[in-house]
2 protein chains.
Amino acid sequence: MSDSSKSAQKAPRHNCDTCDVRHKAMCAAVGHEHTDQLQAIVSHRDYSPGQVIFEEGDPADYVFNISDGEVRLYKLLPDGRRQVTGFLTPGDFLGLITESSYAYGAGAIGAVELCCMKLTNLERLLSDIPPVRERLLDMSRDELAAAQEQMLLLGRKTAREKILSFLLYRHKHLDRTDSDASIDLPMSRTDIADYLGLTIETVSRTFTALRDEGLIELPNPHHVIFPDLDAVRDAADAA
Amino acid sequence: MSDSSKSAQKAPRHNCDTCDVRHKAMCAAVGHEHTDQLQAIVSHRDYSPGQVIFEEGDPADYVFNISDGEVRLYKLLPDGRRQVTGFLTPGDFLGLITESSYAYGAGAIGAVELCCMKLTNLERLLSDIPPVRERLLDMSRDELAAAQEQMLLLGRKTAREKILSFLLYRHKHLDRTDSDASIDLPMSRTDIADYLGLTIETVSRTFTALRDEGLIELPNPHHVIFPDLDAVRDAADAA
DNA sequence: AAGATTCATTGAGATGGCTCAATTTGCCGC
DNA sequence: GCGGCAAATTGAGCCATCTCAATGAATCTT
């Protein structure tokens, strides 16, 4: 992780003023006149691929913003079955807390950098700078809508529809390199399966089937190219 | 619905001061000194069983609090498949809005009474009385945690586990008449099936199986009695 | 009270996705 | 470039749940 950051590091490494995800994060609601207060309460931590950030039920003192990398959220059943409830990307808020402990587990997919904030400091920030609470409410509104959409996927879509919806969601929200019709999938097949309520075998078979139909190209398991995006959209909707 | 309310109606029918769900609703954050402002912006509407309140995508001018009755939230696929994403009970907030329209459809299960508020008035309330936004954020935090739990259920539990989890959730959250180990299920088998990602036949068969095992009693399709609540809890957890 | 309608239950057979098992591929260190 | 390991793919058979169909129960209408 020594040189994984996107820009040169002569300037103070973690500077809220120059943070390139600030506009996407809750911090966007902190006016520049309050940047000092924000800067004073954040610290940063690095995680290596696969590392657990926290487990569901851990007592929660900190909340986080994703600075870099991708994070999986998950819940476990006593026998080990796992449901991945979401993937977080830079700018996303991490740390849903109920009854003083985390409501889900979180783990680094690749190398991850988090911007950490003590819960007590967040609470002070919320009372000092009201727009931050407004911002958090807006963000959780979006999360709630995404959760509803995911319930529709989990409860009512076929394996094929699940995969297609997942790919399109990634394309829409994460890889907006203009008209580039391709996406990265940094997570494993196991993560995808646990996110979509499938097994790795079904995920793999479905990818193969979509490739054989010409709907996608798979130069490697972590990169998908869409030769015809509209055809994928049609296939995702159709009954 | 002429006499469906719980208390006598000599006093003004819809009075925030005497509203019996105020403490559960977002309104709990409105201090008594501000009750007038709240009262001024709410109105009430009745819905009959089965009636649609709004559909997903409808332009959203109003948000609601459930005053009485139970509401189902749902999303539809183009071919008619339906996912019920939640059931709302008195005190719950109704009206998740993204891009100026409702993120889900909503329908009355039995007779329902809603407390209605124009979105613009809610926004004024939020800026006039900051604790209301805090309250809404807390409520959406709980909703988000419930959504995560539901994803675990939809993605990773068996039909039997789904039904048992559903029954226990109802018992925990909705029918706290002390140690009374019984619950009402006002919704249809179709609603339950669409909530749990099953078919009505599987729901019905599973109820029958649980009854035959002695885990539940079913005096009628809308009432469940638990002879041994701990046995149900064990069955819901076990692998 | 009989008929009609809707909802729930039960039965029988079909199937999509799962389980178990074997390869194959890609990656890492030396 | 070569073993060794983890991840992904592929194959074959199975089973939990679905589909299709019939029956039963409850409610509403007249």
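Below, chains carry the letters A, B, ... as their sequence lines are ordered, and counting in each starts from 1.
Between A/F207 and B/K157, the residue whose closest nucleotide on DNA chain D is further toward the 5' end is A/F207. A residue-by-residue look at B/I200 and A/A159 shows that B/I200 has its nearest nucleotide of DNA chain C further toward the 5' end. Both A/N220 and B/M187 lie close to DNA chain C; mapped to their nearest nucleotides by heavy-atom distance, the more 5′-ward contact belongs to B/M187.
Note: CG (A/D79) to C1' (C/dC18) measures 15 Å, nearest angstrom. With rounding to whole Å, B/H222 atom NE2 is found 11 Å from D/dT27 atom C1'. Taking atom CD1 of B/I163 as the reference point, atom P of C/dA8 lies 12 Å away to the nearest angstrom. The separation between B/E201 atom CD and C/dA12 atom P is 15 Å, rounded to whole Å. Counting to the nearest Å, the P atom of C/dT25 and the CG atom of A/L218 are 15 Å from each other. In this structure, B/R81 places its CZ atom 19 Å from P of D/dT17, rounding to the nearest Å. Regarding A/R205, its CZ atom lies at a distance of 15 Å from the P atom of C/dA22, rounded to whole Å. Counting to the nearest Å, the P atom of C/dT19 and the CZ atom of B/R156 are 8 Å from each other.
Closest to the A/L198 side chain, of the nucleotides C/dG17, D/dC18, C/dT9, is C/dG17. The nucleotide whose nearest atom lies closest to any side-chain atom of A/T158 is, among C/dA8, C/dG17, D/dT19, C/dG17. With distances taken from any side-chain atom of B/R211 to the nucleotides C/dA8, C/dT10, D/dT9, the minimum falls on C/dT10.
The existence of a salt bridge linking B/K172 and B/E149 is excluded, since no basic side-chain nitrogen approaches an acidic carboxylate oxygen closer than 4.0 Å. Of the charged side-chain nitrogens involved, at least one lies within less than 4.0 Å of a carboxylate oxygen, so that A/D191 and A/R82 count as a salt-bridged pair. A salt bridge links A/R156 with B/D194: the distance from a Lys NZ or Arg NE/NH1/NH2 to an Asp or Glu carboxylate oxygen falls below 4.0 Å.
With B/Y74 as reference, B/E55 is the one residue of B/Q83, B/E55, B/E56 to meet the side-chain hydrogen bond (donor to acceptor under 3.5 Å, both in side chains) rule.
Phosphate proximity of C/dT9 to B/T208: absent, as no side-chain N or O sits under 4.0 Å from OP1 or OP2. Side-chain nitrogen and oxygen atoms of B/T202 include none within less than 4.0 Å of the OP1 or OP2 phosphate oxygen of D/dT17.
Within 4.0 Å (heavy atoms only), B/G197 reaches sugar-phosphate atoms of the nucleic acid but no base atom. When heavy atoms are screened at a 4.0 angstrom cut-off, A/S204 is found touching base atoms of the nucleic acid.
Ring orientation note: the planes of A/F166 and A/F87 are tilted relative to one another, at an angle of 30° to 60°.
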